[in-house]
Amino acid sequence: MPDPIVGLHHVTAIASDPQRNLDFYTELLGLRLVKRTINFDDPGTYHFYFGDDAGSPGTLLTFFPWPHATRGSAGVGETSATSFSVPESSLDYWEKRLLDASIPVEKAPERFGKRVLAFADTDGTKIELIGNAAGAAAKPPRHSEVPAEHAIHGFSGVTLCEAGFELTANVLEKMGYKQSGSEGNRFRFTSTAPTGALANYVDVLVQTQLTYGRIGAGSVHHIAFRAPDDAAQLAWREELKAMHLNITPVLDRTYFHSIYFREPGGVLFEIATDPPGFTYDEPLELLGEALKLPPWLEGRRNVIENLVEPITLHYQKAL
Ligand code: ZN
C-alpha cells in the first residue's frame with residue numbers, strides 16, 4: 001500500500017475573461033502567477049497557475065479562462081468551494097480588503113471551530129478564507145500588495161457537493177483519509193499522513209435536494225492530490241484500479257505528471273506528482289512572466305500567441 005496522500009496538489013477551475021481572472025488572483029488576493037501557459041488539451045486557451053512564491057504543491061489554484069464561457073450552475077457532483085488558509089488574526093484585514101474592492105463577503109458560521117469568510121471571484125467561483133494558521137506564510141509571493149503577515153498560506157481544503165457521501169468516503173479512505181468529524185450535512189475527511197500539511201482535508205457536503213451541476217465559468221473542473229514521485233503515483237494507480245475506477249494513463253503535464261479518474265460522487269480527481277515543479281522551464285525569479293509552451297507545441301508558438309488574448313501582469317510592469 002503506498003503511503004497516505006498528504007493533501008491537495010492543485011485545484012483547477014474555469015474562468016471567462018483572462019485579464020479579470022489574472023487581476024483578481026494576483027492583485028486582490030495577492031497570489032503569484034507562477035506559470036503562464038496554455039491548456040495542453042486546448043492550446044488556444046490559457047492555463048494560469050496561481051500560488052505561493054515558489055508554486056508549492058498545496059497552494060496552486062489554476063484556471064482555464066475561456067473568454068466567452070457562460071456561467072456554470074452549481075449542483076451535486078462538483079467541488080462547491082475552495083478554501084485557503086490565512087492567519088486567524090488576518091481575517092479582519094481580508095474582510096476589509098474584499099469589501100473595499102466591492103466583493104460581497106459572507107461571514108459563514110464557524111466550521112469545526114474555525115472562522116470562515118466566504119466570497120466569489122468575478123466568475124462566481126466560490127472561495128473561502130479560513131482562519132487557521134499562525135504566523136506568516138512560508139513563501140509569501142514576492143510582488144504582492146498583501147503584506148507578508150496576511151498572505152494566503154495555501155489551501156486549507158475543498159468542499160465537494162454530493163448526493164451522498166459513503167461511496168466517496170470509500171475512495172478517500174483508500175487514499176489515506178479518515179473521517180475526522182461531521183457538522184450537520186458536512187462530513188470531514190482528513191489525511192492520515194503525519195505531516196499535518198496544508199490542504200489536508202476534504203469535506204463532503206451532502207445536498208440531496210440538488211441536481212447535478214453544469215460546468216461553466218465559475219465551476220471547479222477537477223481537484224488534484226499529491227504524489228511524492230512517479231513510483232508512488234503508479235502504485236496509487238494500481239490501488240485505485242482495483243476499486244474498479246477508470247483511471248487514465250500517466251499524462252505529462254510538464255510541471256507534474258498526472259492520472260485522472262472520476263470518483264463515484266461525480267467529481268473529477270487527479271493525482272499529480274510534486275516533481276518536476278514550476279522551475280522546470282524558467283527560473284524562480286521569473287515565474288509566470290512569459291508564455292511557456294511544452295516542447296511539442298513550441299513549433300506553433302506564433303499561432304498560439306495570436307490565438308490567446310493579450311494580457312498584462314500589472315506587477316511585471318513595475319519591475
Ligand atoms: Zn490538474
Side-chain angles (χ1 to χ4, degrees), residues 5-15 18 21 25 31-43 45-52 54-66 69 72 77-84 121 123 125 127 154-155 157-160 171-172 175 198-200 202 213 215-230 232-234 236-237 240 245-263 265-278 280-281 287-288 292-294 296-297:
I5 298 271
V6 298
L8 296 168
H9 182 281
H10 65 268
V11 172
T12 294
I14 296 171
N21 179 252
Y25 287 96
L31 299 177
R32 186 176 189 194
L33 178 69
V34 291
K35 195 62 64 180
R36 179 191 310 212
T37 183
I38 42 90
N39 180 339
F40 292 1
D41 300 321
D42 175 19
T45 304
Y46 282 116
H47 192 179
F48 294 151
Y49 289 80
F50 302 106
D52 72 357
S56 310
T59 73
L60 297 160
L61 180 56
T62 97
F63 286 90
F64 300 134
W66 278 304
E78 61 178 26
T79 300
S80 55
T82 302
S83 305
F84 286 109
D121 75 6
D123 287 303
T125 310
I127 303 290
F155 294 127
V158 285
T159 300
L160 313 183
V171 173
L172 288 170
M175 291 165 65
L198 284 170
N200 67 347
V202 173
I215 197 152
S219 305
V220 171
H221 186 268
H222 64 267
I223 61 172
F225 296 87
R226 294 174 65 179
D229 53 33
D230 292 324
Q233 182 182 58
L234 289 174
W236 276 115
R237 192 168 183 281
L240 293 162
L245 294 163
N246 273 324
I247 308 179
T248 65
V250 176
L251 297 169
D252 181 2
R253 298 312 195 188
T254 303
Y255 312 106
F256 43 86
H257 304 143
S258 299
I259 56 175
Y260 301 85
F261 61 98
R262 206 167 281 282
E263 57 83 26
V267 177
L268 187 60
F269 278 10
E270 171 183 349
I271 295 179
T273 55
D274 282 2
F278 291 92
Y280 177 76
D281 59 357
L287 288 181
K292 304 307 287 185
L293 298 177
W296 65 90
L297 289 173

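Whatever order the structure lists them in is the order used to number ligands and atoms, beginning at 1. Counting from 1, the numbers follow the sequence of the chain as shown. Note that this is a predicted model, so its numbers are computed, not measured.
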Strictly distance-based, threshold 3.5 Å: is any side-chain N or O of Arg237 a donor or acceptor partner for the main-chain N or O of Thr248? yes
Q. The Zn ion (ligand 1) to His221: any N/O/S contact under 2.8 Å?
A. no
Exercise. Measure up the Tyr25 and Phe63 rings against each other and bin them: parallel (under 30°), tilted (30 to 60°), perpendicular (over 60°).
Key: tilted
Could you tell me how the ring of Phe64 sits relative to the ring of His47: parallel (under 30°), tilted (30 to 60°) or perpendicular (over 60°)?
-> tilted
Of Phe261, Phe269, Phe155, the one forming a ring pair (Phe, Tyr, Trp, His ring centres under 6.0 Å) with Phe225 is Phe269
Quiz item: Would you say His222 reaches the Zn ion (ligand 1) with an N/O/S atom under 2.8 Å?
Solution: yes
Which atom of Glu270 is nearest the Zn ion (ligand 1), counting N, O or S only? It is OE1
